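Okay, so here's the structure we're looking at.
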Protein chains: 2
Amino acid sequence: MSGAELKKVGLKVTLPRLKILEILEGAGDQHHLTAEDVYKMLLEQGEEVGLATVYRVLTQFEQAGIVRRLNFENNISIFELDTGDNHDHLVCVKTGHVKEFVDPVIEERIREIAKENGYSLSGHSLVIYGALDAH
Amino acid sequence: MSGAELKKVGLKVTLPRLKILEILEGAGDQHHLTAEDVYKMLLEQGEEVGLATVYRVLTQFEQAGIVRRLNFENNISIFELDTGDNHDHLVCVKTGHVKEFVDPVIEERIREIAKENGYSLSGHSLVIYGALDAH
DNA sequence: TTTTGTGCAAAGAGTTTGCAACTAG
DNA sequence: CTAGTTGCAAACTCTTTGCACAAAA
């Protein structure tokens with residue numbers, strides 16, 4: 001991902017956008033970030049970017065299909081790169097740790113349920129909440 | 001549902017609580033209500049109840065297991081009576097209409113996924129979004 | 001140069017809280 | 001009587017917006 005990706009979706013290549021992309025890509029296992037998280041990471045890197053810009057950029061990325069916005073419990077909004085695999089999430093209620101999974105059986109049932117009810121499927125949101133067992 | 005239900009969970013039987021219960025029960029097919037919806041319905045009935053009380057009561061009901069709180073896209077919070085069937089929701093992206101469904105196949109997979117990943121399942125949230133087909 | 005993006009501060013939506021008055025038990 | 005409840009207004013959190021300035025194409 002780079003400046004070329006931005007041009008492709010009609011966004012000018014600017015420093016805030018590049019930095020935010022970089023953070024989303026580089027976050028590794030911690031790539032489920034709130035806008036505030038992204039903002040703080042920018043500050044830690046010494047970037048002078050406003051929180052409003054973070055929201056604007058994330059929203060633009062979402063509309064461009066670069067980013068997915070997830071709504072967890074308690075109205076917590078999380079952003080992650082849209083890798084196109086349309087995965088779902090398993091969230092630890094104790095630690096907040098987020099794990100991804102893809103389940104073909106569930107995907108198929110979702111398609112069927114939409115169809116059975118006469119809906120054109122446009123998306124879904126599945127979050128499983130649980131406590132990571134001690135062992 | 002009545003005053004007895006309230007006593008059972010340790011809440012005093014007050015007029016705002018009874019009225020809110022009544023609204024949640026009587027809403028029929030429209031029983032997916034925002035706090036604001038409930039508040040407006042109270043006003044329409046000529047009840048002098050504050051919005052803060054609506055939030056407080058709904059939150060208490062949720063903690064008591066009488067009510068479920070759902071978080072749809074765009075951070076819209078919806079409240080519904082908790083009937084104990086643990087159903088999921090199908091939402092029309094055009095009209096906002098909400099339909100309930102229960103799918104044993106999905107339920108089972110969710111239990112398995114939690115287990116496979118070493119989590120004690122505490123709950124899940126599944127919302128399917130789609131457009132109701134014209135016909 | 002023209003269009004688009006940015007930072008800041010202010011505004012907005014939804015929800016929660018402090019507090020004095022009130023009411024169910 | 002007394003602990004729990006309420007209405008009101010103020011506070012809070014998260015997010016969006018208006019606007020003058022700055023930067024990309």
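Basis for what follows: all heavy atoms, side chains included, without hydrogens, waters or symmetry-related copies. The structure displayed is predicted, hence computed values, not measured ones.
We find that CG of Leu42(B) is positioned 9 Å from P of dG7(D), with the value rounded to whole Å. Going from atom CD of Glu36(B) over to atom P of dT16(C) covers 13 Å, rounded to whole Å. A straight line from CZ of Arg56(B) to P of dT15(C) spans 15 Å, rounded to a whole angstrom. The interatomic distance linking Leu15(A) (CG) with dA25(D) (P) rounds to 12 Å, in whole Å. Between the P atom of dC14(D) and the CG atom of Asn71(B) lies a distance of 14 Å, rounded to the nearest Å. The OH atom of Tyr39(A) sits 15 Å away from the P atom of dT6(C) (whole-angstrom rounding). In this structure, Arg69(A) atom CZ and dC14(D) atom C1' are separated by 9 Å, rounded to whole Å. Atom pair Leu51(B):CG and dA9(D):C1' shows a separation of 12 Å (rounding to whole Å applied).
When only modelled atom types and interatomic distance are considered, His32(A) and Glu100(A) share a side-chain donor-acceptor pair under 3.5 Å. Side-chain contact of His87(A) with Glu107(A): a donor-acceptor pair under 3.5 Å is absent, judged by distance alone.
Considering only side-chain N and O atoms, Thr53(B) lies under 4.0 angstrom from the phosphate OP1 or OP2 of dG7(D). Within the 4.0 Å cut-off from OP1 or OP2 of dT16(D), not a single side-chain nitrogen or oxygen of Tyr55(A) is found.
Between dT16(D), dG7(D), dA25(D), one nucleotide has an atom nearer to the side chain of Val49(B) than all others, and that is dG7(D). For Thr14(B), whose side chain is taken as the heavy atoms from C-beta onward, the closest listed nucleotide among dT6(C), dG7(C), dT6(D) is dT6(D). Set against dG5(C), dT6(C), dT5(D), the side chain of Leu11(A) has dG5(C) as its closest nucleotide.
Nucleotides of DNA chain C nearest to Ala35(B) and Val57(A) differ in position, and the one nearer the 5' end is that of Val57(A). Take the nearest nucleotide of DNA chain D for Ala52(B) and for Arg17(B): the residue whose nucleotide is more 5' is Arg17(B). Residues Lys7(B) and Thr34(B) each lie close to DNA chain C; by heavy-atom proximity, the contact nearer the 5' end of the strand is made by Thr34(B).
Note that OH of Tyr119(A) and CD1 of Ile128(B) are 10.5 Å apart. Values are rounded to the nearest 0.5 Å.
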Requested in this report: Quick one: do Lys115(B) and Glu112(B) satisfy salt bridge (Lys or Arg N to Asp or Glu O under 4.0 Å)? Show the steps, please.
Outcome: CA-CA 5 Å; Lys115(B) 193 173 178 186; Glu112(B) 286 169 12; over 6 Å; no

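Leu11(B) places a side-chain heavy atom less than 4.5 Å from the side chain of Phe61(B).
If you check distances only, the side chain of Lys12(A) does reach the base of dT3(C) with a donor-acceptor pair under 3.5 Å.
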